[in-house]
Amino acid sequence: MPFIPWAEAVYTFYMKAIVDCNSFYCSCERLFEPQLKTRPVVVLSNNDGCIISRSDEAKEIGVDMAGPYFKAKPLIAKHNVAAFSSNYHLYGDLSWRVMETLRTQLPPGCVEVYSVDEAFLNLEHIPLMQLSQAAMQLRETVEQWTGIAVSIGVAPTKVLSKIANRLAKKHKQATNCVLVLDTKRKTEQALQKTPIEDVWGIGYRHAVKLRGLGIETAYDLARQGPAWGSRFLGGVTGERLLRELNGMPSIEMEDPLVNKKMIATTRMFGSPVSRLCDIREAIATYTSRAAEKLRRQRGAASIISVFIVPKEDSHQTTFRHGPSISSYTSLPAATSITNELIKPAVSLADRLYEEGKLYKKAGVMLSGIVPDHSIQGNLFRPATDSNARMLMSMMDNINFAMRDDVLKFAASGTERNWKMRQDLRSPRYTTRWEELCQAK
DNA sequence: TCTGGGGTCCTAGGACCC
DNA sequence: TCTGGGGTCCTAGGACCC
């Protein structure tokens with residue numbers, strides 16, 4: 001007895017899609033080095049710590065996702081894998097091109113950028129019978145215009161479209177990277193082929209718990225009711241997930257113009273540091289970066305928090321992220337002026353720092369974010385003078401044009417011996433004149 | 001001083017995502 | 001020796017109020 005008695009029925013809901021760039025960072029690297037087409041490729045996280053993108057060939061030879069780079073090194077050498085440090089200038093620019101291409105192909109407001117390499121699409125304007133062809137066409141256009149290959153999953157809900165997308169990507173030959181779940185029957189089959197941990201919204205913890213309850217596939221999960229989801233998968237989130245799996249849209253498309261509620265800049269140090277002056281420099285630098293992001297969304301922050309992470313004894317067998325030591329302070333008035341943020345940030349760092357300890361990471365977070373034009377005044381402080389604002393916008397403009405922080409506050413330091421390693425970064429082909437690709 | 005229910009607001013922390 | 005960075009949402013529980 002199928003759990004959906006009307007299994008042959010065609011969906012009558014509006015359909016959604018998720019477009020996902022295939023091995024995005026690797027594809028970006030290959031775009032400018034075509035000779036890599038036949039070589040396995042991996043891209044590393046900041047500090048060349050772990051592997052965050054793998055080409056299909058790299059997956060095939062068994063390079064683990066999110067595995068530490070140093071452990072994979074022997075395998076990488078053996079199979080002549082090309083490894084790159086992350087080049088966010090390049091990926092950011094190519095991401096923008098992919099998203100722009102999608103926007104030209106759809107009515108206004110139908111593209112929701114979900115991450116650097118993914119976008120949800122609202123396809124309600126496309127008749128059901130034409131979905132497959134339209135998706136195929138979209139895939140070809142993106143690849144032709146940007147050089148980036150994408151996969152597209154189409155279904156009535158976001159969760160189901162993610163499931164469709166995963167299968168499209170997994171069976172590239174059979175699906176041509178496009179899978180449309182437009183009937184209950186197709187959906188049911190897709191759910192049966194999806195292990196529980198590959199469902200969007202089920203992480204490691206929940207997967208272990210569900211397997212303990214005898215639930216192995218997305219199909220098993222979908223047979224449970226929303227109330228069950230609420231009980232075992234964390235309240236309303238679980239309830240929504242169950243509805244979505246059963247074809248009932250419960251996670252809406254989001255307004256792409258919504259601003260961030262929290263802005264963070266956090267980094268591992270290139271190597272552990274112990275001096276307070278290094279920590280202060282790092283904190284000042286991260287604060288500057290966070291303030292830049294804040295101004296870009298025309299926001300002002302009223303809470304600033306700082307954390308530092310001590311290095312742990314390294315002789316334990318399983319890796320874990322050590323506890324971070326953090327503190328925050330509420331500002332007398334919301335601000336986006338870098339120096340007004342650096343001061344409290346650095347004094348928070350001073351308070352957290354302990355002489356003689358080694359630290360491996362630090363970070364700054366801005367929250368309590370309000371629109372810049374509606375900053376609540378404070379009777380006891382003079383309003384930020386407009387010179388400071390002009391200075392900020394000049395700095396932003398110059399830094400944007402030149403990149404690489406030509407202008408910065410003295411507190412950010414000049415030596416920066418805490419900076420992260422990026423030994424294998426490719427040129428910033430599309431955003432720096434002096435690093436343009438050369439045709440011979 | 002003790003007793004009780006019910007409401008709000010805030011924060012810390014968990015879980016998840018890419 | 002070497003394991004990323006930047007987000008969101010939700011819940012539980014404490015503090016406080018009537």
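Letters A, B, ... are given to chains in the order of the sequence lines, protein chains preceding strands, and every chain is numbered from 1.
- Using a cut-off of 4.0 Å between Lys/Arg side-chain N and Asp/Glu carboxylate O, A:D372 and A:R389 are scored as salt-bridged.
- For A:M262, whose side chain is taken as the heavy atoms from C-beta onward, the closest listed nucleotide among C:dG7, B:dC17, C:dG4 is C:dG7.
- Separating the CZ atom of A:R289 from the C1' atom of C:dG6 is a distance of 14 Å, rounded to the nearest angstrom.
- Here C:dT8 presents its P atom at 16 Å from CD1 of A:I251, a figure rounded to the nearest Å.
- A:D117 comes within 4.0 angstrom of the backbone, heavy atoms only, and of no base.
- Checked against C:dG4, C:dG7, B:dC17, the side chain of A:S45 finds its nearest nucleotide in C:dG4.
- Among the nucleotides C:dG6, C:dG5, C:dG4, the one closest to any side-chain atom of A:C50 is C:dG4.
- Between the P atom of C:dT11 and the CZ atom of A:R240 lies a distance of 9 Å, rounded to the nearest Å.
- Contact annotation for A:K73: no contact, since no heavy-atom pair falls under 4.0 Å across all strands.
- A:V236 comes within contact range of the sugar-phosphate backbone alone, with a heavy-atom separation under 4.0 Å but no base atom that close.
- No engagement by A:I51 is indicated, since no non-hydrogen atom pair under 4.0 Å with the nucleic acid exists.
- Counting non-hydrogen atoms under 4.0 angstrom, A:K209 reaches nothing in the nucleic acid.
- C:dC9 atom P lies 16 Å from atom NE2 of A:H206, rounded to whole Å.
- Toward the 5' end of DNA chain C, the nearer of the two residues A:G235 and A:Y69, judged by each one's closest nucleotide, is A:Y69.
- Under 3.5 Å, the side chains of A:S151 and A:N165 contain no donor-acceptor pair of N or O atoms.
- Atom name P, nucleotides C:dT3 and B:dC17: the rounded distance is 24 Å, in whole Å.
- Here A:R289 pairs with A:E292 in a salt bridge; the nearest charged N to carboxylate O distance falls below 4.0 Å.
- Minimum heavy-atom separation, A:K37 to A:E57: O-OE2, 4.1 Å.
- For the pair A:Q422 CD and C:dG4 P, the interatomic distance rounds to 14 Å; values are reported in whole Å.
- Side-chain proximity of A:R205 to the nucleotides C:dT8, B:dA15, C:dG6 is greatest for B:dA15.
- Both A:E254 and A:G49 lie near DNA chain C, and the one whose nearest nucleotide falls closer to the 5' end is A:G49.
- Atom NZ of A:K169 and atom C1' of B:dC18 are 11 Å apart (whole Å).
- For A:K162, the listed nucleotide lying nearest its side chain is B:dC18; candidates were B:dC18, C:dC10, C:dG7.
- Distance from the side chain of A:F70 is smallest for C:dC2 among the nucleotides C:dC2, C:dC9, B:dA15.
- Across all strands shown, C:dC18 forms a Watson-Crick or G-U wobble pair, both distances under 3.5 Å, with B:dG5.
- Across all strands, A:K360 comes closer than 4.0 Å to no nucleic acid atom at all (heavy-atom distances).
- For A:K162 and A:E118, the salt-bridge test passes: some basic side-chain N is under 4.0 Å from an acidic carboxylate O.
- Among the atoms of the strands shown, only primed sugar atoms or phosphate atoms (P, OP1, OP2) are found under 4.0 Å from some heavy atom of A:V199.
- The number of heavy-atom neighbours closer than 6.0 Å to CZ of A:R211, taken from other residues, nucleotides and ligands shown, is above 12.
- At the heavy-atom level, A:R267 lies under 4.0 Å from the strands shown only through sugar-phosphate atoms.
- Going from atom CG of A:L233 over to atom P of B:dA15 covers 12 Å, rounded to whole Å.
- As judged by a 4.0 angstrom heavy-atom cut-off over every strand, A:S271 is placed among residues making no nucleic acid contact.
- Distances shown here put every side-chain N or O of A:K311 at or beyond 4.0 Å from the OP1 or OP2 atom of C:dT1.
- Nucleic acid contact class of A:I202 (heavy atoms, under 4.0 Å, all strands): sugar-phosphate only.
- A:R39 has no carboxylate O lying under 4.0 Å from a charged side-chain N of A:E33, or vice versa, which leaves the two without a salt bridge.
- Closest approach to the A:T266 side chain among C:dG4, C:dG7, C:dG5 is made by C:dG5 (side chain taken as heavy atoms from C-beta onward).
- Computed from coordinates, the A:E118 CD to B:dC17 C1' distance equals 9 Å when rounded to whole Å.
- Across all strands shown, A:N46 has heavy atoms under 4.0 Å from sugar-phosphate atoms exclusively, and none from any base.
- The side chain of A:A264 lies closest to C:dG7, out of C:dG7, C:dG5, B:dC18.
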